[in-house]
Amino acid sequence: MALAGASSSACLRRLNPLLFSAHRRPAWTPRRSARRFCAAAVASERDVFTSPEVAKSFDFTNEERIYKWWESQGFFKPNFDRGGDPFVIPMPPPNVTGSLHMGHAMFVTLEDIMIRYFRMKGRPALWLPGTDHAGIATQLVVEKMLAAEGIKRTDLTREEFTKRVWEWKEKYGSTITNQIKRLGASCDWSRERFTLDEQLSRAVIEAFVRLHEKGLIYQGSYLVNWSPNLQTAVSDLEVEYSEEPGNLYFIKYRVAGGSRDDFMTIATTRPETLFGDVAIADERYAKYVGKLAIVPLTFGRHVPIIADRYVDPEFGTGVLKISPGHDHNDYHIARKLGLPILNVMNKDGTLNDVAGLYSGMDRFEAREKLWSDLVETNLAVKKEPYTLRVPRSQRGGEVIEPLISKQWFVTMDPLAEKALHAVEKGQLTILPERFEKIYNHWLTNIKDWCISRQLWWGHRIPVWYIVGKKCEEDYIVARSAEEALAKAQEKYGKSVEIYQDPDVLDTWFSRSINTFRHKSLQLSCSALWPFSTLGWPDLSSEDFKHFYPATVLETGHDILFFWVARMVMMGIEFTGTVPFSYVYLHGLIRDSEQVNFQGRKMSKTLGNVIDPLDTIKEYGTDALRFTLSMGTAGQDLNLSTERLTSNKAFTNKLWNAGKFLLQNLPDRSDATAWDVLLANKFDTEASLQKLPLPESWVVTGLHELIDRVSTSYDKFFFGDAAREIYDFFWGDFADWYIEASKTRLYHSGDDSASSMAQSVLLYVFENILKLLHPFMPFVTEELWQALPYRKQAIIVAHWPATDLPKNSLSIKRFQNLQSLIRGIRNVRAEYSVEPAKRISASVVAAADVLDYISKEKQVLALLSKLDVQSIHFSELPPGDANQSVHIVADEGLEAYLPLADMVDVSEEVKRLSKRLSKMQSEYDSLLARLNSGSFVEKAPEEIVRGVREKASEAEEKISLTKNRLAFLQSTVSS
């Protein structure tokens, strides 16, 4: 009878089994009263951790305190005590100007999962952090700061300006680092690098010198992406394209020597570039091929009319003006055909002398003036609205201009060949594998790399020119100004004067821009980063010897070829070794596919950005990390508040599970009880066979989980690992075993049974915490430290052993018990049995099944809300079977629940009869609409389909209700 009364309160808890506290204790008296004890001794002395016994829920504000404790204990540094090969990840260093967003959160989460897992596996784990000097971004920030003081950059000397930049860096440069720490990044901060550190700067100069000595660096004038406002060339990745309203201009080009009717109409979006036309490519006016065309408003300048397959007949009129000085495609055509190249624009975006009367005009001002003049001279055909794909500077926002400019370049073909072979030979593995095709395609079609930038902040190009000599012919490449002067004096005499090239190296050479596109995220990372950060070119460096090559390079899939491939090329070139064994590519973060969003990339423009720091305050770092980790490698992830809310609930579920354990484990001072508890091991077949069914089932499930999750971690299938752990903890441990364990803890009257349940609870829970730690480091450490007799922090705890024994028979048997319990629960719900009401049951099965089911009578009663005194086990159906609800739980396992225990049959017949009448009426109404020809013919198809679906559902419900009613009526008549 005690159990029946106790179950009344237990049923309320099972609506949310782990949400109970000291104010909602079981109705029965537990064998041991609740205790309050602190966390591990070291932790408690430092007031770092909070036990679930004294805190209702996990306090997110504790995360920073826990992080500082980890760092103070030196846990982030590689430890060689347990042997093993080092596991090394070079962090893609964020821009020193950066501010935390979901792109950072994604890569930090994934890389921290890797490093924490392999640290627990015993490998010396090094996650090497750093920040990037972010040439353009930082220079812009400081220029704006100076402008607020009324100072222009050009008012200062280069040295004065860079001094101001360094001052800014010292004051604000740690912002992004501290924000990354907030995400739980367990990097070795003692090895933190900055791309303008003396060591890294030395590496950059050394790389330039070596490449130049091999003839792989040259200077030349080529078409580049030019930023008129920034006054520098920019890389392809620093250019963002946006669709904007514009115009398509249709212009007459007269044929030289022809009549007034001999002209071609050419469409262009940039008429101001016509001064740079060097040819007309024509597929439409075949009769004019081989003749000359007169470029409008150029005082009769003639250009050849040629045929070329590049012409797009769908664009404009199908005739193409070729302006190689201002269009990348035209540039390649001109190079292929040997056409001249005309540049009509100055570096500030104004037109130069080639434009004649329009010289000095801004490019957009000239466009309007030029069109007006074309109209006036009857050379304008028409202007119509057109959506333009406009290239804009990622930093300054202005329209980028393709422009011929003198720059430094690296010859890429010989470097690319080695990088291709690295993948072919299996020296480098790209995950997911499908991205190998992109990698191979880019390297096979690679172009020479423009590495110079016209900035003041960055690695200065180590080239010196001779005063009085032409730059193209007489220059010196050296590792320092002193070395350059010595070389110049040796060649030109002691009186020679030299000056250094004013340009700096492209972010790709000294670092690379890693654009995740979550919200135009820029992370700058060195092509030399994996080895320069470890001491290269000093090959005797201890870090270089121990940690190079790295193990994994993790980044977004959209910059595989821009950054990763270049690091591979440079690593092979300068060290003779591929810089890492694996490239792991994560997807992009998009908004959720809800009413207002459509799974789009996150951007401030779209207004769909989710701020990580705000998210952490509301949901906690662990919930955010767990949400981000649930994606699949290489595939984009839709981030929603629903997912975050769900995983915050998961954090609370863990916390409440810890609360339950701590309230039901022996008192810390009871050394004898703890000796017994910790002595119970489940690592042998014999120990597993001795366990009762629920215990054997949950321990076997845990051992299977450890194997699956460890395999997923090893394969970098983090989403799979996360889902496996989530499902086991919530679906098996929390919802089933914790509930089953209450029969041992509160009702068994058997010390050994209670102690065994405590051992299993502790064993399973602590291993779940270990498996979860790489994903959710903060709450797992807090809970781990709350458990008594912890010898070390979970961050450095040993990973659970794999290939532990399993009892597959217990899995099958417990599944049968679960099916029986679910069947009884479903019947209770179907007949609306009051939650507190205990009913009787007859379980029918073969003798061998009854043997193990009957041993768990208490579990069956508790979880099915049965009267434990009224559960009968038999090999034959009961005598009142015809007045009972029959359940088939599994083949050979059935149950009979007497109707009289659950409902007042006569009242239920009345209720169902009334309900059936209403349902029939609604169904008849739906049929009437469907039988109406006017409705079916005139109503929209989706409306008709909806009515048909409702009618089908109603018909099914009527059938079920009739069957139940007939069954009830048969029991009354019998």
Side-chain angles (χ1 to χ4, degrees), residues 60 63-64 66-68 70-71 75-76 87-96 98-119 125-132 174-189 191-193 514-519 521-525 529 550-557 559 563 584-589 602 609-617 619-631 633 637 639 644 647 716 718-719 722 772-781 795:
F60 305 146
E63 293 174 348
E64 292 183 80
I66 294 171
Y67 187 90
K68 290 176 181 177
W70 282 330
E71 192 173 6
F75 292 145
F76 298 164
F87 183 88
V88 182
I89 303 177
M91 174 191 283
N95 286 354
V96 72
S99 181
L100 192 70
H101 45 66
M102 283 301 171
H104 297 111
M106 173 67 96
F107 90 75
V108 169
T109 294
L110 294 173
E111 292 176 26
D112 197 44
I113 287 172
M114 296 181 197
I115 214 73
R116 286 179 184 270
Y117 169 66
F118 285 102
R119 182 185 292 125
L126 172 61
W127 187 10
L128 191 68
T131 49
D132 182 87
S174 62
T175 299
I176 186 64
T177 296
N178 291 330
Q179 290 174 336
I180 284 178
K181 289 182 177 182
R182 189 67 187 83
L183 288 164
S186 57
C187 311
D188 183 356
W189 295 107
R191 286 180 165 87
E192 183 180 8
R193 300 290 184 260
N514 172 2
T515 304
F516 283 89
R517 304 292 187 190
H518 300 301
K519 46 170 284 198
L521 160 64
Q522 290 83 39
L523 292 178
S524 308
C525 304
W529 186 256
T551 312
V552 179
L553 189 282
E554 190 282 332
T555 188
H557 67 67
I559 54 86
W563 178 41
Y584 179 94
L585 301 171
H586 67 249
L588 313 182
I589 300 180
M602 289 191 174
V609 171
I610 300 177
D611 187 293
L613 295 178
D614 291 341
T615 303
I616 287 171
K617 289 178 185 177
Y619 301 97
T621 303
D622 290 322
L624 173 59
R625 287 170 58 116
F626 198 72
T627 302
L628 294 175
S629 69
M630 297 289 275
L637 174 72
L639 184 64
L644 291 165
N647 291 323
F716 306 110
F718 303 121
L772 261 179
H773 177 73
F775 293 100
M776 308 178 81
F778 293 108
V779 69
T780 52
E781 187 72 80
I795 188 176

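Note that the coordinates shown come from a computational prediction; the quantities given were computed from them, not determined experimentally.
- Between the side chain of Trp529 and the backbone N or O of Met91 there is at least one donor-acceptor pair closer than 3.5 Å.
- Put simply, CZ on Arg182 and CG on Asn178 are 11.5 Å apart, with the number rounded to the nearest 0.5 Å.
- Geometrically, Arg119 does not engage Trp70 in a cation-pi contact, judged by NZ or CZ lying under 6.0 Å from the ring centre and within 45° of the ring axis.
- Taken to the nearest 0.5 Å, the CD atom of Glu63 stands 3.5 Å off from the OG1 atom of Thr621.
- Under the 6.0 Å cut-off for aromatic ring centres, Tyr67 and Phe76 qualify, their centroids lying closer than that.
- Shown here for Ala105 and Leu183, the closest heavy-atom pair between the two residues is CA-CD1, 3.7 Å.
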Report task. Would you please test Phe87 and Val552 for side-chain contact (heavy atoms from CB on, under 4.5 Å) and show each step? Result -> CA-CA 8 Å; Phe87 183 88; Val552 179; 3.8 Å; yes

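- Glu781 and His773 are not linked by any side-chain donor-acceptor pair at a separation below 3.5 angstrom, with hydrogens and angles left out of the test.
- Side-chain atoms of Glu111 never come within 3.5 Å of backbone atoms of Ile89 as a donor-acceptor pair (strictly under, hydrogens ignored).
- The main-chain N or O of Val779 is found under 3.5 Å from a side-chain atom of Asp622 such that the two form a donor-acceptor pair.
- The CG atom of Asp188 sits 9.0 Å away from the CD atom of Glu71 when rounded to the nearest 0.5 Å.
- Side-chain atoms of Met114 and Glu554, non-hydrogen and from C-beta on, do get closer than 4.5 Å to each other.
- Using a 4.5 Å heavy-atom threshold, the side chains of Thr177 and Lys181 count as touching.
- If you take CZ on Phe107 and OG1 on Thr555, they are separated by 8.5 Å, rounding to the nearest 0.5 Å.
- Applying the salt bridge (charged side-chain N to carboxylate O under 4.0 Å, His left out) rule to Glu192 yields no partners; only residues at least two apart in sequence or on another chain are considered.
- The structure places CG of Leu628 at 11.5 Å from CZ of Phe775, a figure rounded to the nearest 0.5 Å.
- With hydrogens and angles disregarded, no donor-acceptor distance shorter than 3.5 Å links the side chain of Asp112 to the backbone of Val108.
- Leu644 places a side-chain heavy atom less than 4.5 Å from the side chain of Leu624.
- Annotation for Arg116 and Gly184: closest pair NH2-O, 2.8 Å, computed over non-hydrogen atoms.
- Counting only distance, with no hydrogens or angles, the side chain of Asp132 and the backbone of Pro93 share no donor-acceptor pair below 3.5 Å.
- Scanning both residues, Leu585 and Gly556, for their nearest heavy atoms gives CD2-O, 3.9 Å.
- Side-chain atoms of Thr551 come within 3.5 Å of backbone N or O of Val88 as a donor-acceptor pair.
- Between Ile616 and Phe60, the shortest heavy-atom distance links the atoms O-CD1, 3.9 Å.
- A donor-acceptor contact shorter than 3.5 Å links the side chain of Arg625 to the backbone of Pro774.
- Contact annotation: the side chain of Thr627 approaches that of Leu639 to within less than 4.5 Å [non-hydrogen atoms, C-beta and beyond].
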Requested in this report: Apply ring pair (Phe, Tyr, Trp, His ring centres under 6.0 Å) to the pair Tyr584 and Phe718, showing each step before the final yes or no.
Outcome: CA-CA 11 Å; Tyr584 179 94; Phe718 303 121; 5.7 Å; yes

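- Heavy atoms only, all atoms of each residue included: Ala722 and Met630 are closest at CB-SD, 3.4 Å.
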